[in-house]
Amino acid sequence: MGGTADSTLVIGVLLPDALGTYSDSGNAVVLAQRARWRGIAARVLQITADVTPPTGCDIYVLGGGEDQAQVTATRWLQQHPALVGAMETSAVTLAVCAGFQILGRSMSDRSGHSYSGVGLIDVTTVPGPRRAVGQVITHCVIPGVGQLTGFENHRGISTVAASHVPLGRVVRGTGNGTPDAAGHLGDGVWTDRIVGTYLHGPVLARNPALADHLLTTATGRTLDPLDLPDQQALRRTYLQRSSR
Amino acid sequence: MWFRAAVAAGTWTARLSRRLGAGSGSIIGGRVTLALCPDALARLAAGRQVALVSGTNGKTTTSHLLAAALASMGTVAHNATGSNMLDGALAALAQDPDTRFAVIEVDELHLATVAEAVDPEVIVLLNLSRDQLDRGSEVRSVAAALSAALIRQPRTTVVANADDPMVVWAAAPAVRTVWVSAGATWAGDTTTCPRCGRSLASTTERWACECGLARPDAAWTAVDQAAGAASAVRTTGESVPVRLSLPGRFNLGNAVMAIAAAARMGVDPQDASDAMSRVDDVAGRYSLVTYGSHEVRLLLAKNPAGWTETLGVIDDAKALLIVVNAREADGRDTSWLWDVPFDELRSPTVVACGERAADLGVRLSYADIVHTTIADPVAAIAAMPPGKIDVVANYTAFADLRRRLPSAPAEAL
């Protein structure tokens, strides 16, 4: 798979040093383990700012980060067009929170200064009036994935252009903070190669169906169901109760 | 007159709260006093030598160690139960109004307010890492706010950990600093420079950034020799043996921070170290509790940095119970569990407990840790074979467990 000669699935965690604030690198652990438990060899690469990033990963994951780190991360991605090209044409990418904003067209910080994103998705982000913090539930638009649960902690208001669809329709919480074409509050974005969201948790730990969707997209393989202990109890905690 | 009445009203409220069984009463009592007399904290602190202890992890332990050290010289008021907001600080001072010293553990988000009110002789700044992100906002913003507060205290000596880049960035602008090499094992929040955002080049000995922020030379160093022997070494060449009853490398670091602070406040370092060696139970942490046919050791870990330290204390020969809640005081977001290297666990039996047992159980499965999941920790202990158990709980889980284990130490929580 991907850029390696053998059939190992390679998952690249982009800038874990800058975009690791909300433990989103756990998403890579979830992807790798769910692949291994299906008999697919998997490897996780931590891609830090001081290396030339490999362009042959099957899946890239980006997480949330603090304001300053977000600026640094954006600049770093812009300096590595080959990586951005791989994300556009060959790999599958999961981008969470600041990572999601970075992949968009533009962002502006709290002082109102606007700067360009990587431009892989047609999304623009501006700061909202207050921080959105708390549990989120959405209905995911990807067929078969069902409800998504996660924890949001951000200040961004993200507008998704009509050419894209948000990843989920918000049932509870804020998400993008903007309505989709049908007038529903949306969260994140879904394209053929990119899944963006505001949900931490990490999002794939709480939503294994979304993890399997990414694995299927990256490998082209149909995956057997997995029954992980505690997983259903976890989802019940956040989806059925009006938990805080 | 009004001030005395306000303090009395708070003290009565606290006593009433205790008698109603609602806890130590320090929070409600403090709130009543502050509502009646907003400058009560400043007035209660006046005339005392005050030390504030803050940071993400080790506040309660370090303040206990420092209080023990100062007690070798004079009377000490101390918020020993770990209620570390404004109201807890006030209650501790109100309860012992005439002491020579006061040691106040302060939540890092409240340090600025408390420091401004009490004009402390010393502020001990241990470490800064992520904890309760949903409440405390970003680590760097917390450090920036601390920095602004420290600049406003020109008479205060800041005893700060030179090994933690976030602490150094926060404390460097202070007028008086005593740097201590106390150690830092978890670097998850400081792989980039807090000042400029560049990737931080570091070795175990030193760290430095191109922008000029670098590890300062330390006046005191925590030195951990083999076989349990440890000492606090001063740049002057003086070496003070440290023999703690508390386990773990990070408690040695806490102790050396406390020795440096006590020395600044006039205590002979050797006397300070001797007094600290007798501290063996810090608000129930590290305490041994007998429950049925089990000997239970209670450990507190509430964030990735604390867990990383605790992994070195867990006894691999014992069964392990991990208890995780996600109430307001714990932080509602359980994502932090994914930054704990649970794959390093070697305990023969692992049980996931607490109100977020399922979140923990899923995390353990992905770390390939075989475990069972029992939400109620007391039921889980009862169900285990007789013997020794290590329990690691986060904040409210720890408090609940202490309350529920019948033979737990009797001090109020």
Side-chain angles (χ1 to χ4, degrees), chain A residues 15-34 36-37 48-51 63-73 75-76 131 133-135 150-153 199-206 208 226 228-238 243-244, chain B residues 129-130 132-144 187-201 303-304 326-328 330-343 352 355-368 370-375:
Chain A
L15 303 180
D17 41 357
L19 302 176
T21 305
Y22 299 93
S23 315
D24 297 312
S25 63
N27 287 320
V29 176
V30 172
L31 288 167
Q33 289 286 59
R34 296 186 74 81
R36 288 176 194 131
W37 292 334
T48 50
D50 52 352
V51 300
E66 306 194 353
D67 296 349
Q68 188 197 34
Q70 183 171 358
V71 177
T72 312
R75 204 179 301 140
W76 181 83
R131 229 178 152 79
V133 183
Q135 302 291 349
F151 194 95
E152 66 181 338
N153 189 347
L199 306 188
H200 305 288
V203 64
L204 299 186
R206 289 205 195 177
L226 268 181
L228 199 65
D230 307 309
Q231 185 79 69
Q232 288 197 17
L234 180 152
R235 287 183 63 76
R236 267 199 307 277
T237 308
Y238 293 110
S243 74
R244 297 138 308 178
Chain B
S129 68
R130 81 184 73 141
Q132 301 181 40
L133 281 168
D134 58 326
R135 183 181 73 93
S137 82
E138 302 175 336
V139 187
R140 193 172 170 276
S141 329
V142 173
D189 287 326
T190 43
T191 49
T192 56
C193 175
R195 184 198 274 168
C196 71
R198 282 194 191 92
S199 201
L200 207 55
N303 50 41
R327 297 185 206 165
E328 192 182 350
D330 303 304
R332 300 282 189 203
D333 183 2
T334 54
S335 299
W336 64 273
L337 290 171
W338 288 78
D339 278 330
V340 178
F342 285 117
D343 46 338
E355 291 161 6
R356 289 293 177 269
D359 295 56
L360 174 62
V362 167
R363 169 70 187 104
L364 292 173
S365 292
Y366 279 109
D368 289 324
V370 176
H371 64 278
T372 52
T373 305
I374 303 172

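Keep in mind that the numbers below use all heavy atoms, side chains included, and drop hydrogens, waters and symmetry copies.
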Do you know which two heavy atoms are closest between [X] and [Y], and how far apart they sit?
| X | Y | answer |
| --- | --- | --- |
| B/A358 | A/L234 | CB-N, 3.5 Å |
| B/D339 | A/S25 | OD1-OG, 4.3 Å |
| B/P194 | A/Q68 | O-OE1, 3.9 Å |
| B/S335 | A/P202 | OG-N, 4.1 Å |

**OP:** Find out whether B/D368 and A/Q33 are in side-chain contact, i.e. whether some heavy atom of one side chain is under 4.5 Å from a heavy atom of the other.
**Re:**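 In contact.
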
Original post:
Do the non-hydrogen side-chain atoms of A/T21 and B/R140 ever get within less than 4.5 Å of each other?
Top reply: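 SC-SC contact between A/T21 and B/R140 ruled out.
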
Subject >> Contact leader toward chain B among A/Q232, A/R36, A/E152, A/Q231, where contacts are heavy-atom pairs under 4.5 Å >> reply: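 Of the candidates given, the most pairs with chain B belong to A/Q231.
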
Subject >> Leading residue by heavy atom contact count with chain B [cutoff under 4.5 Å; candidates A/T72, A/T48, A/V71, A/L228] >> reply: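 Most heavy-atom pairs under 4.5 Å with chain B: A/L228.
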
Subject >> B/T334/A/R206 under side-chain contact (heavy atoms from CB on, under 4.5 Å): CA gap, chis, key distance, verdict >> reply: CA-CA 11 Å; B/T334 54; A/R206 289 205 195 177; 4.2 Å; yes

**OP:** Enumerate the residue pairs fulfilling salt bridge (Lys or Arg N to Asp or Glu O under 4.0 Å) with a member in residues 18-34 of chain A, sequence neighbours excluded, ordered by first and then second residue.
**Re:**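 Sorted pair list: A/R34-A/D212.
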
**OP:** Hey, could you give me the CG/OG1 distance between B/D359 and A/T237, rounded to the nearest 0.5 Å?
**Re:**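 Spacing of CG (B/D359) from OG1 (A/T237) equals 6.5 Å.
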
Original post:
With sequence neighbours left out, what residues match B/Y366 under ring pair (Phe, Tyr, Trp, His ring centres under 6.0 Å)?
Top reply: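 Ring pair (Phe, Tyr, Trp, His ring centres under 6.0 Å) list for B/Y366, sorted by chain: A/W37, B/W338.
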
Subject >> Part of A/A69 lying under 4.5 Å from any heavy atom of chain B >> reply: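 No part of A/A69 comes within 4.5 Å of chain B.
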
